[in-house]
Amino acid sequence: MPAVTVEDVLVLPRLPQPDPAQTRFREVRRLITAPLGMEGEGFQVRRGFAGIPMAELDPFVHFDHMGEVDLAPGEPTGAPWHPHRGFETVSYVMDGVIEHEDSNGGGGRITDGDTQWMTAGAGILHNEMPPESFVMSGGVVHATQLWVNLPRAQKFVPPRYQDIRGGESALVTTPDGGSLIRIIAGDIAGHAGPGSTYTPITLAHITIEPGAQVDLPWHPEYNAIVYALAGAGTVGNDRRPFQMGQTAVFGPGDALRVAASPRQDSRTPKLDLYVLGGRPIREPVAHYGPFVMNTRAELVQAFEDYQAGRLGVIPAKHLPHTD
């Protein structure tokens, strides 16, 4: 997992040590194991939010974890041209390569800790595929995609694309240097990530050394969700067992406690977590396929607008050849 790292975490800024007398650690409200599903042209994902009530996810809608998997030559696939409206997609790549292109002119190649942040807003078509060179060579793929809802007042903002390089993430560690925390968006204890968001949220990728513990300050008004990308450990003050492919939803409070097991397997020597939370929007959600709106009528309109070409068109160079 070569997502951004440093040779010596002890040179990084350190999070404050929570005061036990003044810190309210969040309890684990729900712990689920992500079921498997299929996406795009047929690649397997873990559905990290399956079975979690929308009220506990708000402002998030959907989360997929792809890999870690070693693909043979010819096996890498992606998600060809498709529409979106009413939310944002956040793709984070730890291994492998993804090329993004959209009908608004946005695009780029992301790999090794990069993030592509696409605001669909009023509507857009986009394409997420591995480059031909990676299809031919094969290789390890490990990535996530998160869907972030937009408030009603911003459902129809103009589409935009953010290309966030892995090296732009804010890097911090814990007081004992037992973890590497990469902040992609929002802030943790005043350390801010580069992602620009419509909805106030925080996203981070945390790597915890075996036997180490992280007491993570967290916005009291945000919800808190932790997904295990790799490894094993515990979550919460009651140290509930937690491992790759599981999602923990926390209750109220102002700090999270997670710890890595002293012994990890040889393939995943550390505990890796995707940590997210945000201020709930608390509006009705109508979600179907590639659209996230507030009402069923708006979903119907989104499909009609897509069919009429009002969500954009595929650039001419990508249209099938005709006479």
Side-chain angles (χ1 to χ4, degrees), residues 1-3 28-54 56-58 60-72 75-79 82 84 87-98 110-116 128-130 138-149 182 184 201 203-208 223-235 240-250 258 260-261 264-265 267-277 287 289-290 292:
M1 185 180 295
V28 176
R29 172 183 288 167
R30 191 181 305 273
L31 184 62
I32 67 106
T33 299
L36 297 176
M38 302 300 290
E39 270 296 340
E41 294 182 316
F43 57 90
Q44 191 176 75
V45 298
R46 292 179 179 86
R47 306 288 194 193
F49 288 168
I52 302 174
M54 288 297 297
E56 296 179 16
L57 297 174
D58 187 13
F60 308 109
V61 179
H62 179 83
F63 179 79
D64 279 341
H65 175 208
M66 295 150 273
E68 179 178 3
V69 60
D70 193 356
L71 300 176
E75 288 186 339
T77 60
H82 57 282
H84 289 305
F87 67 104
E88 302 179 284
T89 66
V90 182
S91 299
Y92 178 58
V93 175
M94 292 157 282
D95 271 305
V97 188
I98 295 177
I110 62 171
T111 184
D112 294 354
D114 299 333
T115 299
Q116 59 180 24
E128 300 165 294
M129 299 292 290
V140 177
V141 173
H142 199 188
T144 66
Q145 186 171 90
L146 173 71
W147 290 13
V148 185
N149 198 9
R182 310 163 187 83
I184 299 167
I201 62 175
L203 302 178
H205 171 194
I206 302 179
T207 301
I208 308 175
N223 62 354
I225 302 166
V226 176
Y227 178 86
L229 297 165
T234 63
V235 286
R240 297 180 63 176
F242 188 56
Q243 64 182 0
M244 190 274 288
Q246 292 189 309
T247 305
V249 180
F250 289 79
V258 292
S261 298
Q264 305 284 334
D265 64 53
R267 189 168 179 271
T268 54
K270 303 176 184 180
L271 175 62
D272 273 273
L273 307 172
Y274 193 76
V275 182
L276 60 157
H287 172 205
V292 182

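On a predicted model such as this, the values are computed, not experimentally measured, just so you know.
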Parallel, tilted or perpendicular: which one describes the rings of [X] and [Y], with boundaries at 30° and 60°?
{"X": "Phe49", "Y": "Phe60", "result": "tilted"}
{"X": "His65", "Y": "His142", "result": "tilted"}
{"X": "His62", "Y": "Trp147", "result": "tilted"}

Taking the side chain as C-beta and beyond, is there a heavy-atom pair between [X] and [Y] under 4.5 Å?
{"X": "Met94", "Y": "Tyr274", "answer": "no"}
{"X": "Met54", "Y": "His287", "answer": "no"}
{"X": "Val141", "Y": "Asp95", "answer": "no"}
{"X": "Val69", "Y": "Gln44", "answer": "no"}
{"X": "Leu276", "Y": "Ile201", "answer": "no"}
{"X": "Phe63", "Y": "Leu57", "answer": "no"}
{"X": "Thr268", "Y": "Met244", "answer": "no"}

Taking [Y]'s backbone N and O only, do any of them form a donor-acceptor pair with [X]'s side chain (distance below 3.5 Å, no angle check)?
{"X": "Glu56", "Y": "Pro53", "answer": "no"}
{"X": "Asp64", "Y": "Gln145", "answer": "no"}
{"X": "Asn223", "Y": "Asp58", "answer": "yes"}
{"X": "Thr234", "Y": "Pro241", "answer": "no"}
{"X": "His84", "Y": "Pro290", "answer": "yes"}

Next item on the list: Using only heavy-atom distances, determine whether the side chains of Thr33 and Arg46 contain a donor-acceptor pair under 3.5 Å.
Entry: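 Checked: Thr33/Arg46 side chains show no N/O donor-acceptor pair below 3.5 Å.
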Margin query: Could you check whether Asp114 and Thr111, counting side-chain N and O atoms only, form a donor-acceptor pair closer than 3.5 Å?
Written below: no
